[in-house]
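The structure appears right after this line, and notes come after that.
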Amino acid sequence: QVQLVETGGGSVQAGGSLRLSCAAPIYISNSYCMGWFRQAPGKEPEGVATIDADRRTYLADPVRGRFTVSRDNAKNTLYLQMNSLKPEDTATYYCAAEPSGRGVHCYSSLTMYRYRGQGTQVTVSS
């Protein structure tokens with residue numbers, strides 16, 4: 001069972017920042033697609049950001065310009081820097097990984113990812 005462990009969630013006021021981290025096992029190599037997804041109560045999961053084996057990043061429209069996704073392959077860790085947080089960013093954030101390869105774009109749907117973490121809660125108050 002692959003374990004992805006998210007940390008860094010918490011409560012913050014609107015306009016604040018948080019940095020999420022996702023620690024992956026050593027065999028989640030840099031050839032994997034990795035991404036962040038979130039799910040608010042009563043809503044379907046939505047994609048937030050992905051990064052592929054070529055380090056190409058994708059950010060969903062609601063977070064573009066505020067969030068940044070990155071990966072440290074030496075540490076097998078995925079990050080999500082979240083700035084200018086809004087109350088609508090409140091959700092449980094999940095890290096996910098899917099075997100991939102160079103030249104392959106990441107899936108945008110969480111259902112297509114083979115591995116995912118347990119999630120970390122982000123709450124933004126107005």
Side-chain angles (χ1 to χ4, degrees):
Q1 183 76 15
V2 173
Q3 290 189 338
L4 302 174
V5 180
E6 304 99 335
T7 56
S11 297
V12 65
Q13 289 192 327
S17 297
L18 285 172
R19 188 194 195 202
L20 304 184
S21 298
C22 171
I26 191 66
Y27 43 87
I28 298 290
S29 70
N30 56 11
S31 66
Y32 276 59
C33 271
M34 297 194 75
W36 291 99
F37 298 81
R38 66 186 182 186
Q39 186 170 20
K43 294 188 176 181
E44 293 293 315
E46 64 172 343
V48 176
T50 60
I51 184 166
D52 66 19
D54 296 307
R55 292 180 178 264
R56 291 174 300 192
T57 61
Y58 166 81
L59 291 162
D61 286 344
V63 305
R64 193 169 295 135
R66 300 187 296 121
F67 291 11
T68 303
V69 61
S70 61
R71 66 195 295 174
D72 184 333
N73 290 333
K75 296 181 179 179
N76 262 53
T77 301
L78 178 71
Y79 301 101
L80 184 68
Q81 178 65 45
M82 304 186 295
N83 299 328
S84 302
L85 282 161
K86 303 176 180 179
E88 51 263 45
D89 294 319
T90 295
T92 300
Y93 284 71
Y94 298 93
C95 168
E98 171 66 16
S100 185
R102 300 293 300 272
V104 178
H105 289 279
C106 294
Y107 295 117
S108 59
S109 172
L110 180 59
T111 59
M112 300 302 290
Y113 284 73
R114 189 172 306 180
Y115 310 113
R116 60 182 279 184
Q118 294 298 307
T120 186
Q121 179 66 35
V122 172
T123 302
V124 184
S125 58
S126 57

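Remember, it's a predicted structure, so these values are computed and weren't measured experimentally.
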So which atom in [X] and which in [Y] form the shortest heavy-atom distance, rounded to 0.1 Å?
X   : Y   : answer
A49 : L80 : CB-CD1, 4.1 Å
N73 : R71 : OD1-NE, 3.2 Å
V63 : V48 : CG2-O, 3.7 Å

Is the shortest side-chain heavy-atom distance between [X] and [Y] below 4.5 Å?
X    : Y    : value
Y32  : S100 : no
T123 : P87  : no
L78  : V69  : yes

> Listed by chain and number, what are the salt bridge (Lys or Arg N to Asp or Glu O under 4.0 Å) partners of R64, not counting sequence neighbours?
Replying inline: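 Testing R64 for salt bridge (Lys or Arg N to Asp or Glu O under 4.0 Å), a comparison that skips the adjacent residues, returns D61.
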As an exercise, state the distance from [atom1] of [X] to [atom2] of [Y], rounded to the nearest 0.5 Å.
X   : Y    : atom1 : atom2 : value
I51 : C33  : CD1   : SG    : 9.5 Å
Y58 : C106 : OH    : SG    : 11.5 Å
M82 : L20  : CE    : CG    : 4.0 Å

Please check this pair: side chain of [X] against backbone of [Y], looking for a donor-acceptor N/O pair closer than 3.5 Å.
X    : Y    : result
T90  : V124 : yes
D54  : G103 : yes
D52  : R55  : yes
E98  : R114 : yes
T120 : G9   : yes
Q118 : E6   : no

>> Taking atom CD as the centre, does Q121 end up with more than 12 heavy-atom neighbours from other residues, nucleotides or ligands that are less than 6.0 angstrom away?
In response: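 Yes, enclosed.
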> In the hydrophobic clustering that connects Ile, Leu, Val, Met, Phe, Trp and Tyr at side-chain heavy-atom distances below 4.5 Å, which members other than L110 occupy its cluster, ordered by chain and number?
Replying inline: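 Cluster partners of L110: F37, Y107, M112, Y113.
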> Which residue pairs pass the salt bridge (charged side-chain N to carboxylate O under 4.0 Å, His left out) test with at least one member in residues 37-51, sequence neighbours excluded?
Replying inline: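 Salt bridge (charged side-chain N to carboxylate O under 4.0 Å, His left out) check on residues 37-51 returns R38-E46, R38-D89.
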>> Could you walk me through whether Y79 and C22 satisfy the side-chain contact (heavy atoms from CB on, under 4.5 Å) test, starting with their C-alpha distance in whole Å, then the side-chain angles of each, then the deciding distance to 0.1 Å, before giving a yes or no?
In response: CA-CA 6 Å; Y79 301 101; C22 171; over 6 Å; no
